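Here is the structure we will look at, set down as C-alpha cells.
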Amino acid sequence: MTDSAPPAVETTIAGVRSRLDAARSAGSTSALVPTMGSLHDGHLALVERAREIADVVIVSIFVNPMQFGPSEDFEKYPRDVDADRDALIGHGVTAVFAPEVDEIYPSGAVQIRVTAGAAGERFEGRSRPGHFDGMLTVVAKLLGIVQPHLAVFGEKDAQQVYLVQRMVRDLDIRTRIEVVETVRADDGLALSSRNQFLGERQRRAARAIPDALEAAQSAADRGLDAVIAAAQGVLMGADGVELDYFAVVRPDTFQPVDDDHRGPARALIAARVGETRLIDTELLHIG
Ligand code: PAF
C-alpha cells in the first residue's frame, strides 16, 4: 500500500484474519480502531494514535444493529464506505474491515452475548436499554476476529470506554485499550457523526453542551454542588436543548460521586437537540 492510495477493504472475517496472521508472523504489532463509519477528525485522531503505537492499523466500519433500540436511528445512520476509505488516505491504515451484517451475525441474533451489568443500566444505558450489551458483544467479536495488541477508543463515549475496559479486564482479553482525548470543533462541540443532523440553529443551541462542561470545570474547585449548579445554569437557559442527564461519576467505578467527593471525577451530559441526541464529557478535579 502506498500512503496516497486508499486502504484495502476486507469484508470477510477470513480475509481480515489472514491479513493479520501474515503481519503477526512477520512480528508486527497491530491496532484496531472500531468505528461505525461516517469518519470525521475525531476518528482520524484515533487512527493517528493507533499508527503511533502499532505497526499494522485496522479500521473496522460496521453499523452494529445490536446496539440500536427499535426506535433509534439504525436505518438513518449515515453509511458511505467509499467516502470513509478516502478519508483514510494518507493515515497509514493497513486495511478497513467493513463486513455486512450477516458476516458478523450469520444466524441472525447471537445466542451468547456480553452483558454490561449494572454499570450498563445507568446514564446512556437507561436511555438506551440494551445498547451496551449490543456494543460490548460486537466489540468482543471484533477483538476476537482481529485479535489486536491494542484497540483505540475515543474519550467522548466515556461510559462505552469504561465498559470496554471492564470487559477486557473481567474476561481476560489480551488487547490493551487505548483512549484518545475528545476532538472538538471550533465552536467547542465534540465531533460526532450525529452532528451532521443538526441544522444551523440547532448547532448554535448545541454549544450549550460544551459550555456547560466548561462551566462545571471552572466551578470544580468549589465542590460538587457548585459544579452541578454551574452546569445546570447553562443547560437550563439553553433554548432548544432538552437535557436527558447531567451527572458526575467516579472515573474508576462510573458510580455517581458522593456529595463530599474530592479528587478526579467525570462530568457527563446527554441532551437532545431536535431529533439528535448528543453526549459529551469532561474530566474534572473536584477540590
Ligand atoms: O463507538 C462506536 O462507534 C461503536 O459503539 C463501536 C465501538 C464501533 C461498536 O459498534
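In listed order, ligands and their atoms are each counted from 1. In this text, all values refer to a predicted model and were calculated from it rather than measured experimentally. By convention here, the first residue in the shown sequence is residue 1.
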I'd like a table of the close N/O pairs between ligand 1 and the protein (anything under 3.5 Å), one pair per line with both atom names and the distance.
residue	atom	partner	partner atom	Å
ligand 1	1 (O)	Q160	OE1	3.4
ligand 1	1 (O)	Q160	NE2	2.9
ligand 1	5 (O)	Q67	NE2	2.9
ligand 1	5 (O)	Q160	OE1	2.7
ligand 1	10 (O)	Q67	OE1	2.6

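- Cluster partners of V183, by chain and number: L191. The rule joins Ile, Leu, Val, Met, Phe, Trp and Tyr whenever side-chain heavy atoms lie under 4.5 Å apart.
- Partners of D82 by salt bridge (Lys or Arg N to Asp or Glu O under 4.0 Å), not counting sequence neighbours: none found.
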Can you give me every donor-acceptor pair (side chain of residues 34-42, partner residue at least two apart or in another chain, under 3.5 Å) with its distance?
residue	atom	partner	partner atom	Å
T35	OG1	G37	N	3.0
T35	OG1	S60	O	2.7
S38	OG	Q196	NE2	3.1
H40	ND1	G42	N	2.9

Go through the steps for F97 and F62 under the test ring-ring contact (aromatic ring centres under 6.0 Å, His included), then give the verdict. CA-CA 8 Å; F97 177 46; F62 180 62; 8.1 Å; no
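- A cation-pi geometry, defined here as NZ or CZ lying under 6.0 Å from the six-membered ring centre and within 45° of its normal, holds between R79 and F74.
- Under the 6.0 Å distance and 45° angle rule, K76 counts as a cation-pi partner of F197.
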